[in-house]
2 protein chains.
Amino acid sequence: MTSVETRSRDRLLAAATTLFYERGFLATSVKEITQACGFTQGALYNHFSSKDELLYELVLDIHAELERHTIRERANAGDDPVDQFAALVAVHVTAHCQFRERSRVGNHEYRYLTSSRLVGVLDIRRRLRDQLAEVLAAGAAAGAFHLVSGSATGTARAVLDMCGLISEWFRDDGELTPLAMHRRYVELALRMAGGPPEPPHWPVLPEPPQFPGVDDA
Amino acid sequence: MTSVETRSRDRLLAAATTLFYERGFLATSVKEITQACGFTQGALYNHFSSKDELLYELVLDIHAELERHTIRERANAGDDPVDQFAALVAVHVTAHCQFRERSRVGNHEYRYLTSSRLVGVLDIRRRLRDQLAEVLAAGAAAGAFHLVSGSATGTARAVLDMCGLISEWFRDDGELTPLAMHRRYVELALRMAGGPPEPPHWPVLPEPPQFPGVDDA
DNA sequence: CCTACCGATCGGTAGG
DNA sequence: CCTACCGATCGGTAGG
């Protein structure tokens with residue numbers, strides 16, 4: 001695959017991300033995606049076998065990147081479950097604040113995937129939740145957390161749900177910066193988990209990860 | 001309007017609710033809605049001027065009902081802001097557990113409303129958030145809550161977001177009953193607000209409200 | 001990557 | 001509430 005082919009492909013993915021964010025997958029036509037890149041309709045099929053396939057590749061990439069991010073930041077957080085928990089919450093909050101388009105597309109449009117493609121994405125979503133539940137269970141076992149109903153998965157779900165709608169209302173021109181958001185949500189999540197008011201070490205705000213087409217936006 | 005006309009209308013709304021829940025507004029055709037009621041396609045236009053108008057009436061009704069419910073349960077909760085807060089959280093949790101279809105349709109499909117219709121629904125959504133923020137501010141002023149960053153609207157948003165995704169994963173055949181859910185989420189919300197571990201009075205699980213077509217499902 | 005085209009399906013309407 | 005139909009648009013393809 002030559003670099004110009006890769007570039008066209010990434011431009012299509014970037015255009016689709018913005019359009020899916022603004023209107024949703026079903027309300028966006030192939031013509032709109034290709035025209036946003038200066039192409040005509042048929043050009044999309046040089047890079048993707050179908051509109052569904054483009055959605056799959058985009059949504060899978062969004063989830064895979066979030067999982068990589070999650071694994072890396074957890075590893076960097078050291079051995080303390082409270083620090084690991086804070087790091088995971090920070091990753092999710094940052095994703096929703098800094099990469100609103102991708103986060104919202106990932107959370108909204110995956111439901112339009114057809115069965116076999118859907119399974120792969122749901123697997124990642126489950127693993128993301130399990131990561132949080134694992135850390136909560138470890139912290140509870142160590143006496144650092146005191147979970148409502150003793151349920152690590154229940155608390156993990158509530159925390160992820162709390163973070164999952166940030167991209168619906170967060171605005172760059174609002175009064176809250178991504179840094180303020182990540183501190184606020186780490187505090188809220190620690191309260192939900194029955195942990196200390198602050199983590200021993202505050203997670204560093206993760207660097208913006210690179211993904212295809214980000215510099216075309 | 002005769003009762004048979006009202007009934008057909010309500011059946012169309014009920015069928016649309018289920019289909020929008022399963023596939024979303026855009027993926028549901030007028031033909032599917034009418035066929036679910038044993039009608040042919042054109043019958044929809046005896047009751048609604050367009051597919052968009054049906055969506056608007058459905059989504060508006062879902063939000064209006066939730067607001068009525070909210071106002072009633074808050075009034076029934078007495079003067080204590082902590083009790084009022086618990087009552088409001090219970091209303092939202094109950095809506096998402098007991099009326100998953102309507103809650104999810106309300107939260108997902110309102111984005112497809114066109115501008116003038118959208119405004120009315122967004123107004124209700126803002127008022128629902130303001131109700132929660134009011135109660136949090138009153139409780140904080142009374143020393144019963146200790147809010148993260150001192151922000152009542154920030155905490156209100158986080159609590160509503162935490163509740164807003166319950167309908168995505170809650171299952172009737174799961175291990176959690178609606179009663180267990182409402183206790184768990186009231187506890188989580190009180191922790192987030194920096195309040196007491198339990199409200200002075202636990203809210204009674206609200207009775208299932210009546211809405212058009214519920215007994216046709 | 002474009003031009004030209006395909007069948008299918010869409011929301012909506014006329015007339016009864 | 002049905003039958004029959006409308007123009008528009010959709011995702012996708014053939015051939016270059």
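Labels below follow one simple rule: chain letters A, B, ... track the order of the sequence lines, proteins then strands, and each chain is numbered from 1. Source: prediction; values computed, not measured.
- Comparing atom distances between the A:A43 side chain and each of D:dG12, D:dC2, C:dC1 picks out C:dC1 as nearest.
- Rounding to whole angstrom units, CG of residue A:L26 and P of D:dT9 are separated by 18 Å.
- The base-pairing partner of C:dG16, taking Watson-Crick or G-U wobble contacts with both distances under 3.5 Å, is D:dC1.
- The distance between atom CD of B:E53 and atom C1' of C:dG11, rounded to the nearest whole Å, is 15 Å.
- The interatomic distance linking A:Y45 (OH) with D:dA14 (C1') rounds to 14 Å, in whole Å.
- In the set D:dT13, C:dC1, C:dT3, the nucleotide with an atom closest to the side chain of A:H47 is C:dC1.
- Taking side-chain N and O atoms only, A:S29 has no distance below 4.0 Å to OP1 or OP2 of D:dT9.
- Separating the CZ atom in B:R23 from the OG1 atom in B:T28 is a distance of 6.0 Å, to the nearest 0.5 Å.
- Out of C:dC2, D:dC2, D:dG11, the shortest distance to the side chain of B:T40 is found at D:dC2.
- Residue contacts for A:T34: at a heavy-atom cut-off of 4.0 Å it reaches no nucleic acid atom on any strand shown.
- At least one side-chain heavy atom of A:V121 sits under 4.5 Å from a side-chain heavy atom of A:L60.
- For A:Q41 and C:dC6, the CD to P distance is 15 Å, given to the nearest whole Å.
- Between the side chain of B:S103 and the main chain of B:A95, a donor-acceptor pair closer than 3.5 Å is present.
- Map A:S49 and A:E32 each onto its nearest nucleotide of DNA chain D; the residue landing nearer the 5' end is A:E32.
- Across all strands, A:F39 comes closer than 4.0 Å only to sugar-phosphate atoms, never to a base (heavy-atom distances).
- Nearest to the side-chain atoms of A:V30 among the listed nucleotides D:dC1, D:dT3, D:dG11 stands D:dG11.
- A donor-acceptor pair under 3.5 Å is absent between the side-chain atoms of B:Q35 and the main chain of B:T40, judged by distance alone.
- One atom, CG of A:L44, and another, C1' of C:dC1, lie 12 Å apart when rounded to the nearest Å.
- With both pairing distances under 3.5 Å, C:dT9 is matched to D:dA8 as a Watson-Crick or G-U wobble pair.
- By the 6.0 Å and 45° rule, B:K51 does not stack over the aromatic ring of B:Y112.
- One interatomic measurement links the two molecules: NZ of A:K31 to P of C:dC2, which rounds to 13 Å at whole-angstrom precision.
- A:K51 places its NZ atom 17 Å from the C1' atom of D:dT13, with the value rounded to the nearest Å.
- In this structure, B:L12 atom CG and D:dC1 atom C1' are separated by 11 Å, rounded to whole Å.
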